[in-house]
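Since the structure is predicted, the reported quantities are computational estimates derived from the model, not experimental observations. As the structure lists them, so they are numbered: ligands from 1, and atoms in each ligand from 1.
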Amino acid sequence: MLQGKSILLGVSGGIAAYKAAELVRMFVRENASVHVVMTAGARQFVTPLTFQTLSSNPVGTDLFNLESESRISHIHKARIPDLVVLAPATANLIAKMAAGMADDLLTTILLATTAPVLVCPAMNVKMWEHPATRRNMKTLGELGYKVVDPGVGSLACKEEGTGRLAELSDIFEAACRVLTPPTLAGRRVLVSAGPTWEPFDPVRFISNPSTGKMGYALARIAARRAAEVHLVTGPSSIESPRGVLTHPVTTALQMQEAVAKLAPRMDAIVMAAAVSDYRPSMLAPQKLKKTREGHTVCLEPNPDILAGLGTVKPPSQVLVGFAAETENLLENARDKLVRKNLHFIVANNLTQKGSGFGCDTNEVKILDRDGTVTELPFQTKNEVAGEVWNRIERIFESIAAK
Ligand code: C5P
């Protein structure tokens, strides 16, 4: 998803420098081109060879290196990137940036670049809380630097508190947000994700194998495009993307209640949740005991949340559903598209390898109201999510043009 993007990763001298190596891999995996510049302090913790190997690019270390300066000057280096990420950013680097100093390759590039800069501080809690660092961080904010705040927890110096480098997934996500055009800015969207659990005693329930990956991908991509994202999620082990407003639920009835509360204010609703169609009619107060005869669990239908939304939706609201099928994919999906009053429906064939529950990939067909069927290639769920939001953005445009 970062194809064609160039990221300059500045690494300064803190113990978290080793984590920057993994960050390079995360960017490279998404096809970004990564150039690393290390301070002298960073080279005490990790060797340039590590970053050179992972990025497949030469690592910048020395402002006064004749050979590398003649190949590509620090001024030119500053012009290349679409984004500069500083991880970890030490108290010293932050102080130099706040003062506008340029006494090594990294700080010189930082003064010369016009690219957005994402600062990811990491330091001892006392250093983070020191009035000088507080003042410097305030200055960085005023200078327009973006910050991914450090996390709270146990620090390498054996102290507890704020100062750990933010989770790499949060830094990665923040970088993606800076690099993604904010095409959903000002839009409020709701995504549902995951399965629902329908209990019949305090420790057992009926459900399905949904992991929530598709819904979380939809929420992640909408957030990258600057939407206000509400994620109503059934039980899932996936971490909610930073900045996404998450509303956890367990049962279909709870999901219905959470969705109903939010729905009237939403510009678009994408129901990717695998809602259980039935729930047990009875909930035993205690764990059911094993018997020779077995048990019969009677089921009653759950409300169809999406169909309900389709009957009350405001004219300008975009409504999208998913149809996961094991047979007659197109006929079943078309029926749901009309019956639930949707703008379009995303159909996936559960019997296909690499698609559906639990996979990171999906091969889907999109059915529009005019009868068009668009077959999307086999791709990651993030990419499928991108296609879904592209379509929703086009519908927003056509509604606005009316
Ligand atoms: O009817 P089916 O379950 O296949 O429909 C799939 C679509 O309807 C999905 O978008 C799903 O989130 C939604 N749905 C719902 N409430 C239900 C069942 C499905 O909103 N009870």
| request: With side-chain hydrogen bond (donor to acceptor under 3.5 Å, both in side chains) as the test, would you mind laying out the steps for N136 and T133 before giving the verdict? | output: CA-CA 5 Å; N136 293 336; T133 307; 5.3 Å; no

N/O donor-acceptor pairs under 3.5 Å from side chains in residues 139-158, not counting sequence neighbours:
residue : atom : partner : partner atom : Å
T139    : OG1  : R135    : O            : 2.9
E142    : OE2  : K138    : NZ           : 3.4

Would you mind listing each N/O atom of ligand 1 next to any protein N/O under 3.5 Å, plus the distance?
residue  : atom   : partner : partner atom : Å
ligand 1 : 1 (O)  : K340    : NZ           : 3.0
ligand 1 : 4 (O)  : K336    : NZ           : 2.3
ligand 1 : 5 (O)  : K340    : NZ           : 2.9
ligand 1 : 8 (O)  : K340    : NZ           : 2.9
ligand 1 : 10 (O) : M271    : O            : 2.6
ligand 1 : 10 (O) : F322    : N            : 2.9
ligand 1 : 10 (O) : F322    : O            : 3.4
ligand 1 : 12 (O) : M271    : O            : 3.4
ligand 1 : 12 (O) : A273    : O            : 2.7
ligand 1 : 16 (N) : I305    : N            : 3.0
ligand 1 : 20 (O) : I305    : N            : 3.4
ligand 1 : 20 (O) : L306    : N            : 2.8
ligand 1 : 21 (N) : P303    : O            : 2.9

| task | Check ring-ring contact (aromatic ring centres under 6.0 Å, His included) between W197 and all other residues, then give those that pass, not counting sequence neighbours. | result | F205

| request: Could you tell me whether E228 and R188 make a salt bridge, using a distance below 4.0 angstrom between a side-chain N and a carboxylate O? | output: yes

| note | Sorted by chain and residue number, the salt bridge (charged side-chain N to carboxylate O under 4.0 Å, His left out) partners of E160 (sequence neighbours excluded) come out as none

| said: Return the CE to CG distance between M26 and L54, rounded to the nearest 0.5 Å. | reply: 13.0 Å

